[in-house]
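Values in this document were obtained by computation on a predicted structure and should not be read as measured data.
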Amino acid sequence: MSQEKRVELIKQLLEERQELTTKDIMSEFGVSQDTARRDIVLLDKRGEVKRTHGGILPLDFGNKVPNFQSRLAHFTRQKTQIALVAADYFQAHHVYFVDASTILLKTCQNLNLPMTVFTHSLDNCMALAEKSKITVKTLSGTLDHQNRFFYSNSAIEELNKVAFDTAFIAASGIDANGIYLLNQGDAEVVGTAVKRARKVILVAEHKKFINTSYYSICSPDKISMFITDKVLSENERSIFPKNTEIRIASSDTLN
């Protein structure tokens, strides 16, 4: 395969995954490390990608956030792996809060135990409506059409009356100061659920450590477990307390 054809395919793959490492390119295209690096250098020189340590990102990464349906259309294998690992941490007869995210929608689709689930996500409700064993509690409010969640002051009041066994949350950004979402109303709902939970499980792809989000859900010390798709660097691990369990979802999850 010529370099020109390969770099076009790399750009297509990058659009789908929103992040590629040198190893990803080597694996996907069966090329050496030197060849993968030359492709990255070429794309960077042309101004077609944003080069990072060990990989590439789209030029507009962090500058725009696709709506829910767009994110769902580009659902990746890594997200599926994270979602299935998260599903293993639901237990019968417990009470849960489940955040609005594409990963946690996939998790909801794989639940079928007698339990109670509170959620402000339209899509989670639709998925759980198919599960007769699950009691679904929908929070009241006005629907955010782009991101498909409900928000109101009444929803906050409803959450403050519940003690959750576990809150499952997602994030659009992670840094040493906190776990973030881009929408203020969404962050207020999820942040309230975190305060009312005995345990908090965060699900997010590794790329969310590049934080361009604005509204804090909670500080990292509130996270009991973090389920992600790549091993954390030493600096990334230090963001969380030592007692935060880190689970890396692998391809074995799908087998």
| query | What class does the angle between the rings of F149 and H120 fall in, given that below 30° is parallel, 30 to 60° is tilted and above 60° is perpendicular? | reply | tilted
| query | Would one find more than 12 heavy atoms of other residues, nucleotides or ligands at under 6.0 Å from atom NZ of K131? | reply | yes
| said: Quick check: do V98 and T107 have side-chain heavy atoms less than 4.5 Å from each other? | reply: no
| message | I'd like to know whether I201 forms a side chain to side chain contact (heavy atoms under 4.5 Å, CB included) with I169, so could you lay out the CA-CA distance, the side-chain angles of the two residues, the decisive distance to 0.1 Å, and finally the verdict. | response | CA-CA 6 Å; I201 295 181; I169 69 171; over 6 Å; no
| query | For the atom pair CG (D123) and OG (S121), what is the distance rounded to the nearest 0.5 Å? | reply | 5.0 Å
| task | Mind listing the closest non-hydrogen atom pair of T228 and A204 along with its distance? | result | OG1-O, 2.8 Å
| Does N124 offer a backbone N or O that forms a donor-acceptor pair with the side chain of T119 under 3.5 Å? | no
| field | Spacing of CD belonging to E205 relative to CD1 belonging to I174, to within rounding of 0.5 Å | value | 10.5 Å
| query | Would you say the side chain of V162 lies within less than 4.5 Å of the side chain of V95, judging by non-hydrogen atoms? | reply | yes
| task | Indicate if L43 and L57 have the same hydrophobic cluster label, given that clusters are the connected sets of ILVMFWY residues with side-chain heavy-atom separations under 4.5 angstrom. | result | no
| request: Please examine the side chains of F97 and T166, heavy atoms only from C-beta on, and report whether any two atoms are closer than 4.5 Å. | output: no
| query | How long is the span from the CG atom in L104 to the OG atom in S101, to the nearest 0.5 Å? | reply | 3.5 Å
| task | Calculate, to the nearest 0.5 Å, the distance between atoms CD1 and CG belonging to I227 and D88 respectively. | result | 8.5 Å
| Side chains of H206 and Q78, donor plus acceptor under 3.5 Å | no
| Looking only at heavy atoms, which two atoms of V136 and C125 are closest? And how far apart? | CG1-SG, 4.3 Å
| query | So, the side chain of D175 versus the backbone of G178: is there a donor-acceptor pair under 3.5 Å, distance only? | reply | yes
| message | Check E4 with R46, please: is the shortest side-chain N to carboxylate O separation under 4.0 Å? | response | yes
| Are side-chain N/O atoms of Q81 and D229 paired as donor and acceptor at under 3.5 Å? | no
| field | Heavy-atom side-chain proximity of V117 to T135 below 4.5 angstrom | value | no
Please list every donor-acceptor pair under 3.5 Å in which a side-chain atom of residues 23-32 meets a protein atom from a residue at least two apart or in another chain.
residue : atom : partner : partner atom : Å
D24     : OD1  : T21     : OG1          : 3.4
D24     : OD2  : T21     : N            : 2.9
D24     : OD2  : T21     : OG1          : 3.1
E28     : OE2  : R17     : NH2          : 2.5
S32     : OG   : T35     : N            : 3.2
S32     : OG   : T35     : OG1          : 3.0

| message | Measuring from atom CD of Q184 to atom OG of S216, what distance do you get when rounded to the nearest 0.5 angstrom? | response | 11.5 Å
| What are the two closest heavy atoms between P220 and I239, and how far apart are they? | CB-O, 3.3 Å
| message | Do M1 and L20 sit in one hydrophobic cluster, given that two such residues count as connected whenever their side-chain heavy atoms are within less than 4.5 Å of each other, even indirectly? | response | yes
| query | Is the shortest heavy-atom distance from the side chain of K106 to the side chain of T80 under 4.5 Å? | reply | yes
| query | Are R247 and F226 side-chain neighbours, meaning at least one heavy-atom pair lies under 4.5 Å? | reply | no
| request: State plainly whether the residues E8 and K5 are in salt-bridge range, i.e. N to O under 4.0 Å. | output: no
| Single-linkage hydrophobic cluster, 4.5 Å side-chain cutoff, M126 and F150 together | yes
| query | Mind checking whether F90 and Y96 have parallel, tilted or perpendicular rings, split at 30° and 60°? | reply | tilted
| query | With a 4.0 Å cut-off, would you call K199 and D165 a salt bridge? | reply | no
| message | Show the nearest heavy-atom pair for residues P241 and D221, with the distance to one decimal. | response | CG-CA, 3.4 Å
| request: Please check if the side chain of N160 supplies one atom and the backbone of I156 the other of a donor-acceptor pair under 3.5 Å. | output: yes
| task | Decide yes or no on ring pair (Phe, Tyr, Trp, His ring centres under 6.0 Å) for Y180 and Y215, but give the supporting numbers first. | result | CA-CA 5 Å; Y180 294 85; Y215 300 104; 9.1 Å; no
| request: Would you name the heavy atoms of L105 and A127 that are closest together and state the gap between them? | output: CD1-CB, 3.8 Å
| request: Run the numbers on E236 and K230 for side chain to side chain contact (heavy atoms under 4.5 Å, CB included), then give the verdict. | output: CA-CA 11 Å; E236 290 163 349; K230 293 183 180 179; over 6 Å; no
| Is a side-chain donor-acceptor pair under 3.5 Å present for S140 with E158? | yes
| Between N112 and K133, which heavy-atom pair has the shortest distance, and what is it? | O-CD, 3.5 Å
| task | Evaluate the side-chain proximity of L122 to L143: yes if any heavy-atom separation is below 4.5 Å, no if none is. | result | yes
| field | Heavy-atom side-chain contact between T52 and I56 under 4.5 Å | value | no
| field | Reported NZ-to-SG distance for the pair K195 and C218, which is rounded to 0.5 angstrom | value | 10.0 Å
| message | Show, in sequence, the C-alpha distance, side-chain angles and deciding distance for M225 and T244, and conclude whether the side chain to side chain contact (heavy atoms under 4.5 Å, CB included) test is met. | response | CA-CA 5 Å; M225 176 183 292; T244 298; 5.7 Å; no
| request: Look at the side-chain heavy atoms of Ile, Leu, Val, Met, Phe, Trp and Tyr, link any pair under 4.5 Å apart, and say whether L9 and I40 land in one connected group. | output: yes
| Working for side chain to side chain contact (heavy atoms under 4.5 Å, CB included), residues L181 and V190 | CA-CA 9 Å; L181 290 172; V190 179; 4.0 Å; yes
